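A short worksheet on the structure shown next.
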Amino acid sequence: MSYKQHEIPMSISKVLSANDTGETGGHQAGMLIPKTGDILSFFPQLGNETKNPRAKLRFLDNSNEAWDFMFIYYNNKFFNGTRNEFRLTGMTAFIRQNNLKAGDKIILTREEDGSRLIKLERAEQVESVNILKLGSSWKVVKI
DNA sequence: AGCCATGCACCG
DNA sequence: CGGTGCATGGCT
């Protein structure tokens with residue numbers, strides 16, 4: 001009967017770019033949040049009534065340590081400029097502590113009580129697992 | 001749309 | 001004064 005109009009994703013993830021981890025020498029230390037559909041509904045809604053609105057979000061990591069990140073909507077396109085994008089900033093300490101590199105994945109999760117979790121998934125160094133599976137099978141050989 | 005880069009303000 | 005994050009411009 002009553003379908004939810006807005007399914008809020010419990011979990012979203014992002015593969016880190018080199019710029020996200022600071023490997024490129026940049027110093028904004030914020031990762032871009034794509035505006036595509038359900039990703040944004042994970043975050044609090046920020047409109048374009050005010051310029052560059054933001055919300056501080058607290059995440060808990062594996063060891064229950066709390067991290068405060070800043071979710072910012074750079075929206076100066078609606079004022080005097082060209083920006084129209086969302087970023088999650090203030091992650092330098094977290095990235096350093098976990099020694100994250102480009103290719104690693106960050107997973108953000110929402111609990112039912114509204115609290116948020118942050119997890120990570122290292123990039124695989126080797127990706128030969130699927131390929132090797134086929135290697136040792138027997139074959140019928142025509143004589 | 002996403003990533004890279006950077007001048008400046010702030011703060012220790 | 002060096003590191004960090006803000007705000008923004010620029011490039012692909």
Side-chain angles (χ1 to χ4, degrees), chain A residues 1-140:
Chain A
M1 270 291 210
S2 62
Y3 275 56
K4 281 185 185 172
Q5 298 225 346
H6 227 74
E7 194 69 38
I8 299 178
M10 290 289 96
S11 202
I12 61 174
S13 72
K14 166 95 165 48
V15 176
L16 267 36
S17 70
N19 202 43
D20 291 335
T21 60
E23 290 173 72
T24 57
H27 47 100
Q28 87 283 62
M31 64 185 207
L32 183 92
I33 309 294
K35 293 196 284 293
T36 47
D38 291 339
I39 302 289
L40 272 189
S41 57
F42 176 90
F43 294 98
Q45 296 213 333
L46 300 175
N48 52 21
E49 291 77 25
T50 60
K51 184 180 171 183
N52 295 354
R54 65 206 57 212
K56 192 166 78 174
L57 302 179
R58 171 157 294 183
F59 291 87
L60 299 179
D61 68 9
N62 282 340
S63 50
N64 257 348
E65 188 171 347
W67 299 89
D68 289 328
F69 302 140
M70 196 65 82
F71 178 59
I72 308 180
Y73 180 22
Y74 286 106
N75 64 353
N76 73 14
K77 175 167 194 173
F78 302 98
F79 297 86
N80 49 14
T82 59
R83 287 303 101 171
N84 182 24
E85 64 195 35
F86 295 85
R87 283 205 173 120
L88 195 59
T89 70
M91 306 184 69
T92 303
F94 179 82
I95 287 173
R96 286 228 185 113
Q97 172 163 321
N98 295 100
N99 194 26
L100 294 177
K101 301 294 187 211
D104 292 340
K105 188 188 290 184
I106 294 252
I107 300 143
L108 303 178
T109 307
R110 257 165 78 122
E111 299 293 86
E112 312 243 337
D113 62 2
S115 64
R116 301 175 189 82
L117 305 180
I118 181 166
K119 301 175 184 178
L120 53 91
E121 187 178 304
R122 310 265 173 198
E124 291 291 334
Q125 298 287 358
V126 191
E127 294 196 350
S128 56
V129 184
N130 290 329
I131 303 168
L132 293 178
K133 271 182 188 169
L134 302 173
S136 58
S137 62
W138 287 83
K139 276 183 184 177
V140 175

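All values reported here derive from a predicted model rather than from experimental measurement. So that the names make sense, note that chain A is the first sequence line, chain B the second, and so on, each numbered from 1.
- The line from NZ of A/Lys119 to OG1 of A/Thr109 is 5.0 Å long, rounded to the nearest 0.5 Å.
- Counting atom types as modelled, A/Arg87 pairs no side-chain N or O with a base atom of C/dG5 as donor and acceptor under 3.5 Å.
- What separates CZ of A/Phe69 from P of C/dG5 is a distance of 10 Å, to the nearest Å.
- At a threshold of 4.0 angstrom between heavy atoms, the contacts of A/Lys77 with the nucleic acid are absent.
- In this structure a side-chain-to-backbone donor-acceptor pair under 3.5 Å is missing from A/Arg122 to A/Leu120.
- The shortest distance between the side-chain N/O atoms of A/Lys56 and the OP1/OP2 oxygens of C/dG5 is not below 4.0 Å.
- Rounded to a whole Å, the CG atom of A/Asn84 is 16 Å from the P atom of C/dA7.
- Nucleic acid contact for A/Arg96: sugar-phosphate only, since backbone atoms but no base atoms lie under 4.0 Å from a heavy atom of the residue.
- Judged by closest nucleotide on DNA chain C, A/Met70 is the one of A/Gly81 and A/Met70 placed further toward the 5' end.
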When you look at A/Phe43 and A/Ile12, which way does the side chain to side chain contact (heavy atoms under 4.5 Å, CB included) test go after all the steps?
CA-CA 10 Å; A/Phe43 294 98; A/Ile12 61 174; 3.6 Å; yes
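- OP1 or OP2 of C/dA7 has at least one side-chain nitrogen or oxygen of A/Arg54 nearer than 4.0 Å.
- Side-chain atoms of A/Ser115 and A/Asp113 include a donor-acceptor pair closer than 3.5 Å.
- When each of A/Gly25 and A/Leu32 is assigned the nucleotide of DNA chain B bearing its nearest heavy atom, the one mapping closer to the 5' terminus is A/Leu32.
- One atom, CG of A/Asn75, and another, C1' of C/dC6, lie 14 Å apart when rounded to the nearest Å.
- Residue A/Tyr74 contributes atom OH, which lies 12 Å from atom P of C/dG9 at whole-angstrom precision.
- The distance from the OG1 atom of A/Thr89 to the NZ atom of A/Lys56 is 11.5 Å, given to the nearest 0.5 Å.
- Residue A/Phe94 comes nearest to A/Asn98 through the heavy atom pair O-OD1, 2.9 Å, listed as atom of the first residue, atom of the second, then distance.
- Following rounding to the nearest Å, A/Met91 (CE) and C/dC6 (P) show an atom-to-atom distance of 12 Å.
- With a heavy-atom cut-off of 4.0 Å to chain A, the contacted part of DNA chain B has its first and last nucleotide at B/dA1 to B/dC8.
- Atom CZ of A/Phe69 sits about 6.5 Å away from atom CD1 of A/Ile106, to the nearest 0.5 Å.
- Dashed line: the shortest gap from a side-chain N or O of A/Thr82 to OP1 or OP2 of C/dG9 is under 4.0 Å.
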